[in-house]
Amino acid sequence: MKRGFLNTSKVKKQALYGQTQPQPHQLEIEKPVQTRNSSKSSGRVVDAGHPEGVVAGPLPSSTNENSLRTDHGKDAILVSTIPLHFEDGPGDPDGHSEWIVSGPTYDKILKSPSFPGPIPKPRRHNMYVVKPSRGMGLGVFATCDIEAGELIFSERPLLVYPSAAAPLEASNPYIRLSSSKGRNAQRNAIEYEQLAEVALERMTEEGRAAFLSLANAHGGDNRPLVAIIKTNGYLTNIGDEPDPRLGEDYARERKYGAVCEIGARINHSCSPNVTFWFKRSSFSMQVTAIKDIKAGQELFSSYCRLDQSAARRKVALAPYGFECKCAVCVHAIPATDKLHEEFPARVQRFSELSKGWIRAPRLDASVLDPLLQLEKDAIKEGLVPEPPYRRLLGIIEVVYAKLGMREKAGYYTEIRCRLNAIGKDD
Ligand SMILES: C[S@@+](CC[C@H](N)C(=O)[O-])C[C@H]1O[C@@H](n2cnc3c(N)ncnc32)[C@H](O)[C@@H]1O
């Protein structure tokens, strides 16, 4: 049976399946919504009904024939609850996410061995609290001392969505849209608002309330759900395979973003102390400390790339509706801007020099001075999350080892390993 899904509550509670059609990402709804390059009639959303023993309600139960399948066509788009939830089952103890997803990506993840695994658990309970943060709305605060590299919490996102659903300024690394943004993005956003409505309907009452209570920096947007996604989404490591047959927009991997209930309360700083990483095998988002954090301190992530000047960061953050007042921004001068922009190149230069130092029969301890100075500056400028920072730690470590200063070398090995371990187990 084929039907327009938006005004059909039964269908709203089920996975949606668009059969393979010549045009990508098209859904037949009351009025067919056309996506990029499209002048032909759209694909179809099919209510395939339920197999025995599987039902749509009560929410978030959502499995139907389509969500159990792992052979969806290239152009299928589903809204599905993940992990799957069966009527007579207890539901996943780690919770469920709603996922707006292309058929092939859905199939790929579902077919991964032992998917979904349990979400990682922090070593300690209740390491954070959500409460008001001066001038920033709500924020998340540490309730105990936390070490760099320590997992603070993990959660199944409320919603996982294709990043094209929530195009932001291109410099945002977390929700990045492919090159030809503009018109296609607008069209996609309308379509995705409708898909987000479907996803919202499928959530539990608590999940829906949590989603709708999240910050919205795009109040004037007439797509309120996409606006919430834009304000709160973080990039995951799940992406659709590139599909060059569909043109420039689809010619590279298109990532998925995630909106999380707790993670979304973390405010921005250009000197962040936590990082987000997505674990595919458990379909969960992790928040891990990248610096030692004292009890009572606020947790901050970065909403923008840090390898750019304060002026560029300001532009990148504008869609979030605030001006960053962190120490790094407030004290920005041309020299600090230069460090942000040149940090990877400076580390690279030291990396090349260090090859000669290691081979040298004897090394003067003075080679450490500029390295330690760069490390100090990088910490002060909030560059700890940048991959070159870890490379810098590695260089300092080998220089200390070469100088026979084992204890110092060991110290650098430890912090480098702790940072390197973040997100590595997936
Ligand atoms: C993902 S939410 C963070 C949680 C949010 N404070 C809340 O109350 O839910 C992003 C929004 O928080 C606020 N925000 C985040 N970082 C900020 C900062 N450094 N300064 C001022 N406002 C900030 C902005 O309103 C932004 O649009």
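Atoms within a ligand are numbered from 1 in the order they appear, just like the ligands themselves.
Side chains of K380 and T336: a donor-acceptor N/O pair is absent below 3.5 angstrom, by distance only.
Paired with I100 under the rule side-chain contact (heavy atoms from CB on, under 4.5 Å), one option of V160, L195, L78 passes, and it is L195.
Side chains of R254 and P162 form no contact here, defined as non-hydrogen atoms less than 4.5 Å apart. E323 has its side chain within reach of K314: a pair of non-hydrogen atoms, C-beta onward, lies under 4.5 Å apart.
D94 has a carboxylate O that lies under 4.0 Å from a charged side-chain N of K121, or vice versa, which qualifies the two as a salt bridge.
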As a test of reading the model: which N/O atoms of the protein lie under 3.5 Å from N/O atoms of ligand 1, and at what distance?
| from | atom 1 | to | atom 2 | distance (Å) |
| --- | --- | --- | --- | --- |
| ligand 1 | 6 (N) | M136 | O | 2.5 |
| ligand 1 | 6 (N) | L138 | O | 2.7 |
| ligand 1 | 6 (N) | N267 | OD1 | 2.7 |
| ligand 1 | 8 (O) | L138 | N | 2.7 |
| ligand 1 | 9 (O) | R265 | NH1 | 2.6 |
| ligand 1 | 12 (O) | N267 | OD1 | 3.4 |
| ligand 1 | 14 (N) | N267 | OD1 | 3.4 |
| ligand 1 | 16 (N) | H268 | N | 2.9 |
| ligand 1 | 19 (N) | H268 | O | 2.9 |
| ligand 1 | 27 (O) | Y320 | O | 2.7 |

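Classified by interplanar angle (parallel below 30°, tilted 30° to 60°, perpendicular above 60°), the ring pair F283/F278 is perpendicular.
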